[in-house]
Amino acid sequence: MAETCEVRMEKTIAALKDSYNAIRTGRASAAIFDKVRVDYYGTKTPLNQVATISIPEARTVVIQPFDKSLITEIEKSILTADLGLNPSNDGKVIRISIPPLTADRRKELVKQAKAIAETSRTAIRNIRRDGNDELKKQQKAGELTEDSLKQEEDKLQKLTDSFIAEIGKVYDSKEKEILE
């Protein structure tokens with residue numbers, strides 16, 4: 001039982017990290033564009049599949065499309081993705097300068113990160129609850145003794161505590177990254 005809960009909790013941590021990648025900090029990162037989809041011959045395609053994304057400097061992103069005819073489409077997609085970025089192109093590549101974050105924007109991003117972390121904590125607790133419910137069903141069915149039920153519940157609680165602590169570490173590092 002603890003193994004299946006652990007797998008689900010690991011997926012929750014992975015989803016948290018994925019959500020944090022989409023939060024723009026003061027420095028350039030290719031992960032900002034993970035959710036950007038480009039209309040490529042009628043199909044919404046991830047930006048990283050139609051172009052090369054590189055970071056030549058700390059606050060600059062260069063996007064080089066594999067097909068030059070996609071430049072305007074990529075620019076449109078970045079603008080509609082509501083990332084707060086203004087792309088400019090020279091006919092071959094798209095350059096994006098990442099503006100420094102204002103103090104208010106940083107506070108807003110920290111609040112957003114905190115909310116995502118709390119949602120992840122709730123998800124972990126829900127997984128624990130599901131696990132405990134499953135253990136109680138097994139005990140009622142006679143598959144577990146009272147002592148084994150207590151041991152499994154304790155194991156599940158320790159697992160939950162470790163994943164909640166992991167969420168705290170991931171949040172702290174993201175908060176530090178936003179505020180620097």
Side-chain angles (χ1 to χ4, degrees), residues 1-38 44-51 53-55 58-59 61 63 77-85 96 98-140 144 148-180:
M1 170 59 16
E3 295 79 29
T4 55
C5 288
E6 186 172 5
V7 169
R8 288 177 59 198
M9 288 179 183
E10 284 170 356
K11 286 180 183 173
T12 302
I13 297 288
L16 170 71
K17 289 177 180 175
D18 192 42
S19 296
Y20 278 176
N21 281 341
I23 295 178
R24 184 170 71 85
T25 57
R27 68 171 83 104
S29 164
I32 298 169
F33 303 100
D34 284 352
K35 303 258 188 278
V36 176
R37 299 284 184 259
V38 179
K44 290 287 184 192
T45 311
L47 178 61
N48 61 6
Q49 290 182 14
V50 295
I53 303 170
S54 58
I55 289 92
R59 294 193 184 278
V61 177
I63 300 172
S77 298
I78 291 168
L79 289 169
T80 57
D82 198 29
L83 298 171
L85 302 172
I96 302 170
I98 307 289
L101 296 171
T102 62
D104 288 345
R105 182 70 178 136
R106 287 177 197 275
K107 286 178 188 165
E108 197 178 300
L109 290 173
V110 168
K111 273 186 195 169
Q112 188 181 345
K114 196 173 210 160
I116 294 169
E118 192 49 50
T119 303
S120 297
R121 285 187 192 99
T122 303
I124 296 286
R125 290 186 196 111
N126 287 342
I127 294 168
R128 176 190 59 197
R129 186 198 61 222
D130 294 347
N132 282 336
D133 289 349
E134 186 60 39
L135 289 171
K136 285 177 183 143
K137 280 182 194 168
Q138 286 178 2
Q139 197 229 353
K140 277 185 183 163
L144 281 177
S148 342
L149 174 69
K150 279 287 172 223
Q151 287 175 341
E152 289 297 317
E153 284 177 341
D154 289 347
K155 217 188 287 183
L156 200 52
Q157 185 58 49
K158 284 183 179 122
L159 190 66
T160 302
D161 293 343
S162 72
F163 276 96
I164 296 280
E166 175 73 16
I167 289 172
K169 286 179 197 163
V170 172
Y171 167 74
D172 289 344
S173 72
K174 188 62 177 183
E175 181 183 34
K176 187 176 163 219
E177 187 182 328
I178 291 170
L179 294 176
E180 63 181 35

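- Taking all atoms of both residues into account, the shortest heavy-atom contact from Val110 to Ile178 is CG2-CG2, 3.9 Å.
- Atom CD in Gln138 sits 8.0 Å away from atom CD in Glu152 (nearest 0.5 Å).
- Going from atom NZ of Lys35 over to atom OG of Ser19 covers 6.0 Å, rounded to the nearest 0.5 Å.
- Between the Tyr20 side chain and the Ala113 main chain, a donor and an acceptor come within less than 3.5 Å of each other.
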Check step by step if side chain to side chain contact (heavy atoms under 4.5 Å, CB included) holds for Leu156 and Cys5.
CA-CA 8 Å; Leu156 200 52; Cys5 288; 3.7 Å; yes
Checking Leu109 against Lys174 for the side chain to side chain contact (heavy atoms under 4.5 Å, CB included) test, could you report, in this order, the C-alpha distance in whole Å, the side-chain angles of both residues, the deciding distance, and whether it holds?
CA-CA 10 Å; Leu109 290 173; Lys174 188 62 177 183; over 6 Å; no
Run Asn21 and Phe33 through side chain to side chain contact (heavy atoms under 4.5 Å, CB included) and show every step you take.
CA-CA 9 Å; Asn21 281 341; Phe33 303 100; over 6 Å; no
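- Between Ile32 and Val61 the shortest side-chain heavy-atom distance does not fall below 4.5 Å.
- Here Glu108 pairs with Arg105 in a salt bridge; the nearest charged N to carboxylate O distance falls below 4.0 Å.
- Considering all non-hydrogen atoms of both residues, Glu153 and Leu135 come closest at N-CD1, 3.9 Å.
- The nearest pair of heavy atoms linking Pro99 to Leu85 is CD-CD2, 4.1 Å.
- Side-chain atoms of Asn132 and Arg129 form no donor-acceptor pair, as typed in the model, at a separation below 3.5 Å.
- The side chain to side chain donor-acceptor pair (under 3.5 Å) analysis of residues 1-17, with sequence neighbours excluded, yields the pairs Arg8-Asp130.
- For Thr119, there are no side-chain contact (heavy atoms from CB on, under 4.5 Å) partners two or more places apart in sequence or in a different chain.
- The CD1 atom of Ile53 lies 7.5 Å from the CG atom of Asp34; values are rounded to the nearest 0.5 Å.
- In this structure, Ile116 CD1 and Ile167 CD1 are separated by 12.0 Å, a value rounded to the nearest 0.5 Å.
- In plain terms, the two heavy atoms of Ile55 and Ala30 that are nearest each other are CD1-N, 3.6 Å.
- A search for side-chain contact (heavy atoms from CB on, under 4.5 Å) contacts involving Arg125 returns Glu118, Arg121, Thr122, Arg128, Ile164, not counting sequence neighbours.
- Nearest approach of Gln139 to Leu144, heavy atoms of both residues: CG-O, 3.3 Å.
- The two residues Ser77 and Arg37 have their closest heavy-atom pair at OG-O, 3.1 Å.
- Counting only heavy atoms from C-beta outward, the side chains of Lys155 and Gln151 never approach each other to under 4.5 Å.
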